[in-house]
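Here the structure comes first, spelled out in structure tokens, and everything after it is commentary.
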Amino acid sequence: MQKASRLKRELQMLSTEPPPGITCWQTEERIDDLRAQIVGGSGTPYEGGLFCLEVKVPERYPFEPPKMRFLTPIYHPNIDSSGRICHDALKLPPKGAWKPSLNISTVLTSIQLLMAEPNPDDPLMADISSEFKYNKQLFLEKARKWTQEHAVQKNTGVMEGNKENTPDQKSRKREADSDQQEVEEPAKRTCP
């Protein structure tokens, strides 16, 4: 019961006073299955991109952190090819920093900050981390390219071209199909 009432309050706050560049909503009637979008920050290689995330709220929330992963492919040292995110706020102590006083909004905001300021010393993707540390120009070029290919909204739907870097072909196909059917829908509802 505590989980449901807290989640309702959090979703209400996210819809009335969302953090800048972040939206979050529940899918269908399931309050524990959420989608979020983060706008790539200006001055970052993710600028102009709209990144979708899946947010799964565990039964023991807020005593356990939400499970979050990127649905939109992103070239980042702390986010792997499946969209999993290496961030302290998503893990319980002693290895993590999750505490019940945190909420979905603060975690999404910290992920937005991680996008702007990667942590190459705690990577999920060692090769991207090495590139970020020792060849930053190449990292920035690749991150911008991925943002253009995967995160920039196109009015004609998602392109079917280069699929080698997408983690989940079926979800990308569903996203492409729904984008083509709902071109006039607001961008907020384009996540699968």
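Computation of the quantities below employed the complete heavy-atom set of this structure, encompassing side-chain atoms and omitting hydrogens, waters and symmetry-equivalent molecules.
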Tyr75 and Glu141 side chains, donor-acceptor separation under 3.5 Å: no
Minimum-distance pair of heavy atoms, taken over all atoms of Pro77 and Phe139: CD-CE1, 3.8 Å
Side chain proximity check, Pro65 to Leu92, heavy atoms < 4.5 angstrom: yes
Neighbour count above 12 (heavy atom, 6.0 Å) for Lys91 NZ: yes
Closest non-hydrogen atom pair between Pro73 and Phe51, with its separation: O-CE2, 4.1 Å
Thr147 OG1 to Tyr46 OH distance, which is reported to the nearest 0.5 Å: 6.5 Å
Distance-minimising heavy-atom pair for Arg6 and Pro100: NH1-O, 2.8 Å
Within one Ile-Leu-Val-Met-Phe-Trp-Tyr cluster: Ile31 and Val57, side-chain cutoff 4.5 Å: yes
Trace of the side chain to side chain contact (heavy atoms under 4.5 Å, CB included) decision for Arg35 with Val55: CA-CA 6 Å; Arg35 291 293 177 269; Val55 181; over 6 Å; no
Steps toward side chain to side chain contact (heavy atoms under 4.5 Å, CB included) verdict (Ile111, Ile38): CA-CA 9 Å; Ile111 290 171; Ile38 298 178; 3.9 Å; yes
Gap separating the CG atom of Asn119 from the CG atom of Leu124, nearest 0.5 angstrom: 10.5 Å
Backbone N/O of Pro123 and side chain of Ser129: donor-acceptor pair under 3.5 Å: no
Sidechain-backbone polar pair: Thr109 side chain, Ser105 backbone, donor-acceptor under 3.5 Å: yes
Donor-acceptor contact present, side-chain Trp25 to main-chain Leu14, <3.5 Å: no
Pairwise distance CE(Met68) to NE2(His87) - rounded to 0.5 angstrom: 10.0 Å
Thr16 side chain to Gln12 backbone, donor-acceptor under 3.5 Å: yes
Asn78 side chain to Asp122 backbone, donor-acceptor under 3.5 Å: yes
For Leu7 against Asp32, the heavy-atom pair lying closest together: CD1-CA, 4.4 Å
Phe70 vs Ile85 side-chain heavy atoms within contact, under 4.5 Å: yes
Other residues, nucleotides, ligands: >12 heavy atoms within 6.0 Å of Lys133 NZ: yes
From CG (Leu53) to CD (Gln37), nearest 0.5 Å: 9.0 Å
Exam field: side chain Thr44 to backbone Ala116, donor-acceptor pair closer than 3.5 Å: no
Residue pair Glu131 / Leu138: nearest heavy atoms and the distance that separates them: OE2-CD2, 3.6 Å
Side-chain donor/acceptor of Gln148 to backbone N/O of Gly49, under 3.5 Å: no
Gap separating the CD1 atom of Ile22 from the CG atom of Leu108, nearest 0.5 angstrom: 5.5 Å
Side chain to side chain contact (heavy atoms under 4.5 Å, CB included) assessment of Met125 paired with Ile79: CA-CA 7 Å; Met125 303 296 282; Ile79 302 160; over 6 Å; no
Leu114/His76 under side chain to side chain contact (heavy atoms under 4.5 Å, CB included): CA gap, chis, key distance, verdict: CA-CA 9 Å; Leu114 182 69; His76 193 285; 3.9 Å; yes
Minimum side-chain heavy-atom gap Leu90-Val107 below 4.5 Å: yes
CE on Met115 to CD on Glu47, rounded to 0.5 Å: 11.5 Å
Which atom of Tyr61 lies closest to which atom of Ile104, heavy atoms considered: OH-N, 3.6 Å
Salt bridge present between Asp88 and Lys95 (N-O < 4.0 angstrom): no
Lys56, NZ: over 12 other non-hydrogen atoms inside 6.0 angstrom: yes
